[in-house]
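Some notes on the structure that comes next.
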Amino acid sequence: MRFVIPAVALLAFAVTPTSAQEPQAAAAKPLSLVEALEIAERESEAVGIARGDLARAEGERRQARSAYYPQLAGSASYTRTLRSQFSALQDGDGGPAAPVPEECAAFAPRPGLPVEERLDSLEAAVECASNANPFAGLGDDLPFGRENTYRLGLSFSQTLFSGGRVAGRTQAANANVRSATLGVTAARAQLLLDVTQAYYDAALGDRLVTIAQATLEQADTTLGQAQLAREVGNQSEFDLLRARVTRDNQRPVVIQRRAARDLAYYRLKNLLNLPLEQPLALTSELVDTAMVRTTRLVELVETPADTTTDARAPVLQAHEAVKSQQGLLRAARAQ
């Protein structure tokens, strides 16, 4: 007896991919949920921005609090004098002027001398006084006209009363720090939730693709059996048509499952800042609930917290923003 396998069945087996053709099976990087959470928190831009805001707020708080402490400031400067006001005492060529007598003898009148000698001595004293250097009495250690001048300064101040300006700025800075801390906590919690959801979505996508693929293979087997039974006359044409329709309806399901799985992997890689072409092999199973308890989710999931409206992070941040504005208002009134 000769059996003829229809071309449709051959095409079905030809388009059915095997597990060796899956993109995740070739050089896939193993990744667990714990590793995914660690990578996400390290690579997340949202968490990095929130931490940057917290660091900026802490710096502003230190700056505001510094007004309570003594302020000590120092300064240093150096001046090189190319030409001073005393350069006029030099000649046109830049050299020193003609030497003049540094000191003149004190004039002492002598009544016993003749008139001519007394006039000569008086004229000589007047001439000496007119030609004498007016700066001859100044020593060389004075700072006037020096080529190199060094200046050092030191100042000390302490705020005794500011009318509430320093307290207002400190109040605003403390509120900003608390608000930034809430922002970091909210960013980390949202990131851990997104990564965990994306990880399990990808794992669920793998499972659904496996189920859809197995269902398609089972439908192909059923169709082949129905064709053989139809040829030997054990089944009707309606049963064969129903098996073929069931097999054909399963193909779009496989395509949809693969597309959903690929989207889940792309979202997970985006959160982890990994290349989209990097294949991943998820090692944490869907039923592995103990894995979640060992991760950083335990501090957010198992810790009892107040879920009322006033305890929500956006509401708390709004309260801190009001306190910050009140502190700035107090500082403005103090000025």
Side-chain angles (χ1 to χ4, degrees), residues 52-177 180 323-335:
D53 293 339
L54 178 59
R56 176 181 56 81
E58 290 178 349
E60 293 178 353
R61 181 175 63 178
R62 287 193 295 267
Q63 182 180 3
R65 288 182 176 180
S66 64
Y68 287 111
Y69 303 100
Q71 306 294 320
L72 185 63
S75 62
S77 63
Y78 166 74
T79 303
R80 171 71 176 180
T81 304
L82 301 178
R83 186 175 180 85
S84 67
Q85 63 272 26
F86 300 102
S87 301
L89 300 177
Q90 299 178 350
D91 56 7
D93 298 335
V100 295
E102 296 293 338
E103 296 181 359
C104 296
F107 175 76
R110 297 179 180 181
L113 295 178
V115 177
E116 292 79 2
E117 294 181 3
R118 293 174 61 185
L119 290 176
D120 292 339
S121 61
L122 180 60
E123 291 176 356
V126 172
E127 182 179 1
C128 181
S130 62
N131 294 330
N133 186 4
F135 302 101
L138 300 178
D140 296 335
D141 56 346
L142 294 179
F144 305 108
R146 290 198 173 189
E147 295 182 356
N148 302 316
T149 304
Y150 302 89
R151 292 185 178 88
L152 299 177
L154 187 65
S155 61
F156 173 83
S157 63
Q158 172 64 56
T159 302
L160 300 179
F161 177 75
S162 62
R165 177 176 54 87
V166 178
R169 291 182 178 179
T170 304
Q171 177 183 349
N174 292 333
N176 292 333
V177 170
K323 293 180 181 179
S324 176
Q325 295 300 322
Q326 289 176 352
L328 295 178
L329 176 61
R330 180 181 178 183
R333 287 178 176 176
Q335 292 180 354

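Side-chain atoms are counted along with the backbone in the values below, which use heavy atoms only and exclude waters and symmetry mates.
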For Q71, look at atom CD and say whether over 12 heavy atoms of other residues, nucleotides or ligands are found less than 6.0 Å away.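 Yes.
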
Just checking Y69: does its OH atom have more than 12 heavy atoms from other residues, nucleotides or ligands closer to it than 6.0 angstrom? no

May I ask you to test the N148-R80 pair for a side-chain heavy-atom distance under 4.5 Å? yes

When rounded to the nearest 0.5 angstrom, what distance separates [atom1] in [X] from [atom2] in [Y]?
X: N176; Y: D53; atom1: CG; atom2: CG; result: 10.5 Å
X: R65; Y: R61; atom1: CZ; atom2: CZ; result: 4.5 Å
X: N174; Y: E58; atom1: CG; atom2: CD; result: 11.0 Å

State, to 0.1 Å, how close [X] and [Y] come at their nearest heavy-atom pair, and which atoms those are.
X: V177; Y: A57; answer: CG2-O, 3.4 Å
X: A76; Y: L152; answer: CB-CD2, 3.5 Å
X: F156; Y: P70; answer: CE1-CB, 3.4 Å
X: S324; Y: A175; answer: N-CB, 3.7 Å

Mind checking salt bridge (Lys or Arg N to Asp or Glu O under 4.0 Å) for R151 and listing every partner two or more places apart, or none if nothing turns up? none

List in chain and number order the residues that pass side-chain contact (heavy atoms from CB on, under 4.5 Å) with S162, two or more places apart in sequence or in another chain; answer none if no residue qualifies.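 Here the qualifying residues are T159, R165, V166.
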
Among all residues two or more places apart in sequence or in another chain, which pass the side chain to side chain donor-acceptor pair (under 3.5 Å) test with Y150? none

